[in-house]
Enquirer: 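Dropping a structure here in structure tokens format, bear with me for questions.
No experiment lies behind these values; they were computed from the predicted model shown.
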Amino acid sequence: MTYTMMQVCKEAALTYQALKFYCNEGLVPNVKRDKNNRRIFDERDLKWIKDLVCLKKCGMSIQEMKEYLDLCLQGQGTIPERKEMLRKKQNALRASIQELEASVAYIDWKQNFYDEVLSGKRPYVSNLIRTKD
């Protein structure tokens, strides 16, 4: 089966401009064209483009995606390097998750503080407003 640009965009949840950019940057190798010179894609292309979307969501830059693609095109022998690239991204994502969880915990604490102030369970204390002691 072949896909048009618009079909790939829909399947991969990607904008037309992003897919065109990826193609122009060489991130989608061996792009084929139909008789009207429009890009067409097969199942393998679609799967790779979905991988690119995931890599982007993982925080990979275009340059990093190009390096990853280059390693992939070299074959099985580069799997250790690819694993290392992914491990680094995975560690960065885990650190981001921890930062987000700490931020959510702060908001939870602050919401609880405000609830207790509003219900009269706790006096209001502000670090910004000076009171006479």
Side-chain angles (χ1 to χ4, degrees):
M1 179 171 185
T2 60
Y3 299 89
T4 64
M5 289 273 291
M6 292 306 291
Q7 289 169 323
V8 168
C9 291
K10 184 177 178 184
E11 291 289 323
L14 194 62
T15 66
Y16 186 89
Q17 292 81 5
L19 179 57
K20 186 175 178 181
F21 178 78
Y22 286 173
C23 290
N24 290 342
E25 285 293 313
L27 285 168
V28 184
N30 308 313
V31 174
K32 295 156 280 309
R33 295 193 177 255
D34 67 11
K35 63 183 186 225
N36 297 316
N37 203 33
R38 289 182 288 219
R39 292 178 181 99
I40 55 172
F41 306 88
D42 60 22
E43 288 289 333
R44 293 170 69 142
D45 297 326
L46 178 59
K47 287 178 183 174
W48 171 247
I49 292 164
K50 286 180 178 180
D51 285 348
L52 287 174
V53 171
C54 288
L55 294 174
K56 184 68 175 167
K57 287 180 181 177
C58 289
M60 271 200 188
S61 67
I62 297 299
Q63 185 57 43
E64 288 171 318
M65 291 192 307
K66 286 180 179 182
E67 291 168 18
Y68 186 80
L69 169 62
D70 288 342
L71 290 170
C72 290
L73 291 172
Q74 292 175 44
Q76 187 174 342
T78 63
I79 288 175
E81 291 92 338
R82 288 182 260 166
K83 282 181 57 75
E84 179 61 17
M85 281 186 79
L86 294 174
R87 185 191 62 74
K88 287 178 181 176
K89 282 298 165 196
Q90 186 179 50
N91 289 343
L93 287 169
R94 285 192 172 125
S96 294
I97 289 168
Q98 288 177 342
E99 289 176 14
L100 289 170
E101 287 174 343
S103 296
V104 169
Y106 168 78
I107 290 173
D108 288 344
W109 172 83
K110 201 66 170 179
Q111 291 282 33
N112 185 57
F113 171 79
Y114 289 146
D115 288 342
E116 289 179 357
V117 168
L118 291 173
S119 69
K121 291 181 183 175
R122 169 192 293 246
Y124 180 69
V125 177
S126 171
N127 293 323
L128 300 173
I129 300 171
R130 302 280 182 221
T131 58
K132 293 179 182 177
D133 292 331

Enquirer: Can you get from M6 to L14 by hopping between Ile, Leu, Val, Met, Phe, Trp and Tyr side chains that sit under 4.5 Å apart?
Expert: yes

Enquirer: On the 0 to 90° scale, with breaks at 30° and 60°, tag the F113-Y124 ring pair as parallel, tilted or perpendicular.
Expert: tilted

Enquirer: Hydrophobic clusters here meaning ILVMFWY residues chained together by side-chain heavy-atom distances under 4.5 Å, can you tell me if F41 and F21 are in one?
Expert: yes

Enquirer: Please indicate whether K20 has more than 12 foreign heavy atoms, meaning atoms of other residues, nucleotides or ligands, lying under 6.0 Å from its NZ.
Expert: no

Enquirer: Should V28 and I40 be regarded as members of a common hydrophobic cluster, given that ILVMFWY residues are connected when their side-chain heavy atoms come within less than 4.5 Å of each other, either directly or indirectly?
Expert: no

Enquirer: List the atom of L19, the atom of C9, and the distance in Å for their closest heavy-atom pair.
Expert: CD2-SG, 3.8 Å

Enquirer: According to side-chain hydrogen bond (donor to acceptor under 3.5 Å, both in side chains), who are the partners of Y3, at least two apart in sequence or on a separate chain?
Expert: E43

Enquirer: Between T15 and A18 (side chain of the first, backbone of the second, donor and acceptor by atom type, cut-off under 3.5 Å), is there such a pair?
Expert: yes

Enquirer: If you compare all heavy atoms of T78 against all heavy atoms of L71, which two are closest, and at what distance to 0.1 Å?
Expert: OG1-O, 2.5 Å

Enquirer: If you compare all heavy atoms of C23 against all heavy atoms of V31, which two are closest, and at what distance to 0.1 Å?
Expert: SG-CG2, 4.2 Å

Enquirer: What are the two closest non-hydrogen atoms of A12 and V53, and how far apart are they?
Expert: O-CG2, 3.6 Å

Enquirer: Is it the case that atom NZ in K57 sees more than 12 heavy atoms from other parts of the structure closer than 6.0 Å?
Expert: no

Enquirer: Evaluate the side-chain proximity of K32 to D42: yes if any heavy-atom separation is below 4.5 Å, no if none is.
Expert: yes

Enquirer: For D34, does the CG atom have more than 12 heavy-atom neighbours from other residues, nucleotides or ligands under 6.0 Å away?
Expert: yes

Enquirer: When rounded to the nearest 0.5 angstrom, what distance separates CG in L69 from CH2 in W48?
Expert: 5.0 Å

Enquirer: Just checking, any donor-acceptor pair under 3.5 angstrom between side chains of D115 and Q111?
Expert: no

Enquirer: Starting at CD1 of I62, measure out to CG of L55 and round the result to the nearest 0.5 Å.
Expert: 10.0 Å

Enquirer: Any idea which heavy atoms bring P29 and L73 closest together, and the distance?
Expert: CG-CD2, 4.3 Å

Enquirer: Short question: side chain of N91, backbone of K88 - any donor-acceptor pair under 3.5 Å?
Expert: no

Enquirer: OH of Y22 to NZ of K56: how many Å apart, nearest 0.5 Å?
Expert: 5.5 Å

Enquirer: Is R87 atom CZ crowded by more than 12 heavy atoms from other residues, nucleotides or ligands, each under 6.0 Å away?
Expert: yes

Enquirer: Would you indicate whether the side-chain heavy atoms of K89 and E64 approach each other to under 4.5 Å?
Expert: yes

Enquirer: Taking all non-hydrogen atoms of both residues into account, name the closest pair between M5 and Y16 and its distance.
Expert: CB-CE1, 3.5 Å

Enquirer: Atom CE of M65 and atom CD of E25: how far apart are they, to the nearest 0.5 Å?
Expert: 9.0 Å

Enquirer: In the single-linkage hydrophobic clustering (I, L, V, M, F, W, Y; side-chain heavy atoms under 4.5 Å), do Y106 and V104 co-cluster?
Expert: no

Enquirer: Do you reckon I129 sits in the same ILVMFWY cluster as V125, going by side-chain contacts under 4.5 Å, direct or chained?
Expert: no

Enquirer: Start with the C-alpha distance between N112 and E116, add both sets of side-chain angles, then the distance that settles side chain to side chain donor-acceptor pair (under 3.5 Å), and finish with yes or no.
Expert: CA-CA 6 Å; N112 185 57; E116 289 179 357; 3.3 Å; yes

Enquirer: Side chain of N36, backbone of R38: donor and acceptor closer than 3.5 Å?
Expert: no

Enquirer: Would you say R33 has more than 12 foreign heavy atoms packed within less than 6.0 Å of its CZ?
Expert: yes

